[in-house]
There are 2 protein chains.
Amino acid sequence: MATIKEVAKEAGVSVATVSRVINNNGYVNDETRKRVEKAIQSLNYQPNDVARSLFKKQSQTIGLMVPDIMNPFFPELARAVEDTASKLGYTVILCNTDEDIEKEQMYLNTLLRKYIDGLIVVSNTLTAKQIKRLNVPVVTVDREISKDIPTIIVQNTAGGRMATRYLKEIGCERIAHLKGPDHIRNANERCCGYKEEVHNEPWFKEDYIIEGHYEMESAIKATYQLLTRYPDIDGIFAGNDIMAIGAIKAVHQLGKKVPDDVAVIGFDGIALAKAATPELTTIAQPIYEMGRMAANLLIDLIEKKKIEKTFYNLEVELVKRQST
Amino acid sequence: MATIKEVAKEAGVSVATVSRVINNNGYVNDETRKRVEKAIQSLNYQPNDVARSLFKKQSQTIGLMVPDIMNPFFPELARAVEDTASKLGYTVILCNTDEDIEKEQMYLNTLLRKYIDGLIVVSNTLTAKQIKRLNVPVVTVDREISKDIPTIIVQNTAGGRMATRYLKEIGCERIAHLKGPDHIRNANERCCGYKEEVHNEPWFKEDYIIEGHYEMESAIKATYQLLTRYPDIDGIFAGNDIMAIGAIKAVHQLGKKVPDDVAVIGFDGIALAKAATPELTTIAQPIYEMGRMAANLLIDLIEKKKIEKTFYNLEVELVKRQST
DNA sequence: TTGTACGCGTTATCAC
DNA sequence: GTGATAACGCGTACAA
């Protein structure tokens, strides 16, 4: 890789002039600019980002911290973030944390040492204090960490209501809820929406709410138990799509049919939901849009642009498919 | 962030000494080491990676270039790469290319300018020449680019044979193949394995091979056509799991049953396959293992360790589930 | 065993 | 309009 010095020599000017041409600032004669540009061409010169970063204390790089990229929600988010960032001249570092405090702290340090410009984070365990220490803009997605950290979430409670109400509308008379983990806020919110819709129903029992871990195995087991104990359940609202798919499996295992005997609705709107059989009805989050907004907001923050809002509570959408 | 200079002042030594204790090389008195360490503690000093990179011309960062992280094969690969890299002190930059030559070239440039230490790449379009220009170690995964670039692939032909043979074993007498895109080598290899198993069968027709794009929609359409035209097909080997799921959908649409009327087998072993209904029988690649090996190999290359092999052709495994 | 001084490739400030 | 030159923070000859 050629350096700015070599370009300067080639063009018979000083490095300062080359720098001016590259960054397009300060006065420079048209004549000399041409010469410099030719030198840049012929040496195939590319500015060294590392040297630039050292001087500017920024790296045109952002971090994306997620629990686990293998969780189907995150690839779409990551894709959106990466698309948007790269369009705006930023590069993305991928961090999987498993929500493990040590891994998170480790990554925070690494990112700091690399002069990261900003961070997009999905985490329940990270504290506002740790984030402040970073001293760079941070945007949280899918989960709130603190009021004064820019956040992009969806209307989970409304979504929970929407899902439950829809099950009622299509005729379900005993609706259970497969709740997500208790320590995750959105799981409780979705559950809240469910409760608001059913707590006045004569048939409602607290036992109709059963907790899973936002993954399939536990959802299968939970559903199995639920339906064995309460065979007249005819509708299940699962806290996320993976659990909904697990629920469908359990229903089938018990020799019942989806949606005829039991209707199932999920939450998230991951791609997987379309691939399931029967195709999953779900409350879809605008996942790509969330990633796009997070990246845009973060980069506006980094570049100190005027910001309109730093808190987005996006709407969810009922996507009717075959499982209801 | 404190700098090495501040630490030096705090400890009453020179920066050189501080550098020595940080990097643990050169002589340094136990006494002074203690003092320096205390200063580091009290200032919460972290070495500046950017300055380090500038000096060392390396960044403890690798690139991971994939067509699209939303494609279910890649999250697991990415997770493996990131796990392994971070364990070894490296950070991962995520690059989605859509196999678009321009995006690839753009990323190559960016990575170069960031003193990337190495690159793991999945691509059909990238040429050996472009890769050489990078001047850093590169490992390709899932697809071969050139004989002299370290590569990790699986035995696609053997896998194709294995899938087809299994369908025969379980009694299928008219087996079709949903082939992947013609420009992707592994699609042709898998198809090859299929042909080897069926070309001597009296019932075999070239028409039993039909091309899809490694995604669901085209697979559904293709299967639909296939089964309409040749209703006696009772087994389908799909080039990847997504297409297999599409095939299952099409079979259902036609009012037939999987596996009773038509058995379906996929290829890849993505997580999605377990979530499908019926659960998908597939030829599983050791995806995580491939990512792990790629990262390990790459980092060995970067650190100029002794390398045993630079070409791995891994075995695939028949995973029997409900779709056959 | 420790310190001085230079270089890594840029950018920005200040003379000219 | 252009050119020296001092940072940016670190690692390492070389001298002491």
Side-chain angles (χ1 to χ4, degrees), chain A residues 1-37 39-40 43-61 89 109-117 135-136, chain B residues 1-37 39-40 43-61 89 109-117 135-136:
Chain A
M1 271 197 2
T3 74
I4 198 173
K5 226 181 266 176
E6 304 178 55
V7 175
K9 190 189 289 180
E10 173 82 11
V13 299
S14 77
V15 292
T17 304
V18 179
S19 177
R20 285 191 195 99
V21 174
I22 295 166
N23 299 297
N24 213 2
N25 60 9
Y27 300 97
V28 36
N29 190 317
D30 268 4
E31 193 67 23
T32 49
R33 158 168 286 125
K34 291 258 166 59
R35 278 219 312 286
V36 171
E37 274 163 354
I40 289 179
L43 291 178
N44 202 339
Y45 167 75
Q46 307 252 104
N48 181 322
D49 277 349
V50 177
R52 244 179 206 184
S53 294
L54 180 60
F55 186 87
K56 297 238 207 175
K57 293 181 188 306
Q58 47 159 46
S59 55
Q60 298 293 111
T61 300
N109 287 336
T110 321
L111 296 177
L112 205 58
R113 295 162 53 146
K114 284 188 184 298
Y115 277 159
I116 213 83
D117 294 339
N135 252 335
V136 297
Chain B
M1 273 197 1
T3 74
I4 199 172
K5 224 181 266 176
E6 303 178 57
V7 175
K9 190 190 288 178
E10 173 83 10
V13 298
S14 76
V15 292
T17 304
V18 178
S19 177
R20 284 190 196 99
V21 332
I22 293 168
N23 300 297
N24 214 2
N25 60 8
Y27 301 95
V28 36
N29 190 316
D30 268 5
E31 192 68 22
T32 49
R33 157 168 286 126
K34 290 256 164 60
R35 280 218 312 288
V36 171
E37 276 163 353
I40 289 179
L43 291 179
N44 202 339
Y45 168 74
Q46 307 250 103
N48 182 321
D49 277 350
V50 177
R52 243 179 207 185
S53 293
L54 181 58
F55 183 85
K56 298 237 209 175
K57 292 180 187 308
Q58 48 158 48
S59 56
Q60 298 292 110
T61 300
N109 286 336
T110 330
L111 295 177
L112 205 59
R113 295 161 53 146
K114 285 189 184 297
Y115 277 161
I116 213 84
D117 295 340
N135 250 336
V136 298

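Keep in mind that the numbers below use all heavy atoms, side chains included, and drop hydrogens, waters and symmetry copies. Chain letters run A, B, ... following the sequence lines, proteins first, then strands; residues in each count from 1.
Residues Thr61(A) and Tyr115(A) have side chains not in contact (no heavy-atom distance under 4.5 Å, counting atoms from C-beta outward).
Under the rule for a side chain to side chain donor-acceptor pair (under 3.5 Å), Tyr45(B) has no partner lying at least two apart in sequence or in another chain. Residues satisfying the side chain to side chain donor-acceptor pair (under 3.5 Å) test with Asp117(B), not counting sequence neighbours, are none. For the side chain to side chain donor-acceptor pair (under 3.5 Å) test, residues two or more places apart in sequence or in another chain that qualify with Ser19(A) are Asn23(A).
At a threshold of 4.0 angstrom between heavy atoms, the contacts of Val50(B) with the nucleic acid are absent. Using a 4.0 Å heavy-atom criterion, one finds that Thr32(B) contacts the sugar-phosphate atoms exclusively. In this structure, Gln58(A) reaches neither bases nor backbone, as no heavy-atom distance under 4.0 Å exists between it and the strands shown.
A straight line from CG of Asn48(A) to P of dC8(D) spans 18 Å, rounded to a whole angstrom. One atom, OH of Tyr115(A), and another, P of dC8(D), lie 9 Å apart when rounded to the nearest Å.
Distance alone, capped at 3.5 Å, is enough to place a donor-acceptor pair between the Gln60(A) side chain and the Gly89(A) backbone. Panel note: side chain Lys114(B), backbone Ser59(A); a donor-acceptor pair is recorded below 3.5 Å.
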Next item on the list: Assess whether side-chain contact (heavy atoms from CB on, under 4.5 Å) is satisfied between Lys9(A) and Thr3(A), documenting all intermediate values.
Entry: CA-CA 10 Å; Lys9(A) 190 189 289 180; Thr3(A) 74; over 6 Å; no
Note to self: Show, in sequence, the C-alpha distance, side-chain angles and deciding distance for Ile22(A) and Ile4(A), and conclude whether the side-chain contact (heavy atoms from CB on, under 4.5 Å) test is met.
What the structure shows: CA-CA 10 Å; Ile22(A) 295 166; Ile4(A) 198 173; 4.1 Å; yes
Notebook entry, point to check: So Arg113(B) and Arg52(A), side-chain contact (heavy atoms from CB on, under 4.5 Å) or not? Walk me through it.
Noted result: CA-CA 10 Å; Arg113(B) 295 161 53 146; Arg52(A) 244 179 206 184; 3.7 Å; yes
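Taking five base pairs at each end of the helix from dT1(C)-dA16(D) to dC16(C)-dG1(D), the local helix axes there meet at an angle of 50°, rounded to 10°.
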Check: With the sugar-phosphate defined as primed atoms, P, OP1 and OP2, and the base as all remaining atoms, what B/S/- string results for nucleotides 11-16 of chain D, 5' to 3', for protein heavy atoms under 4.0 Å?
Finding: BBB---
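Place Lys57(B) and Tyr27(B) on DNA chain C by their nearest nucleotides, and Tyr27(B) ends up nearer the 5' end.
A distance of 9.5 Å separates OG1 in Thr32(A) from CD in Glu37(A), rounded to the nearest 0.5 Å. Taking CG of Asp49(B) as the start and OG1 of Thr110(A) as the end, the distance is 7.5 Å to the nearest 0.5 Å.
If you walk DNA chain C from 5' to 3' and mark each nucleotide with an atom closer than 4.0 Å to a heavy atom of chain B, the marks span dT1(C) to dG9(C).
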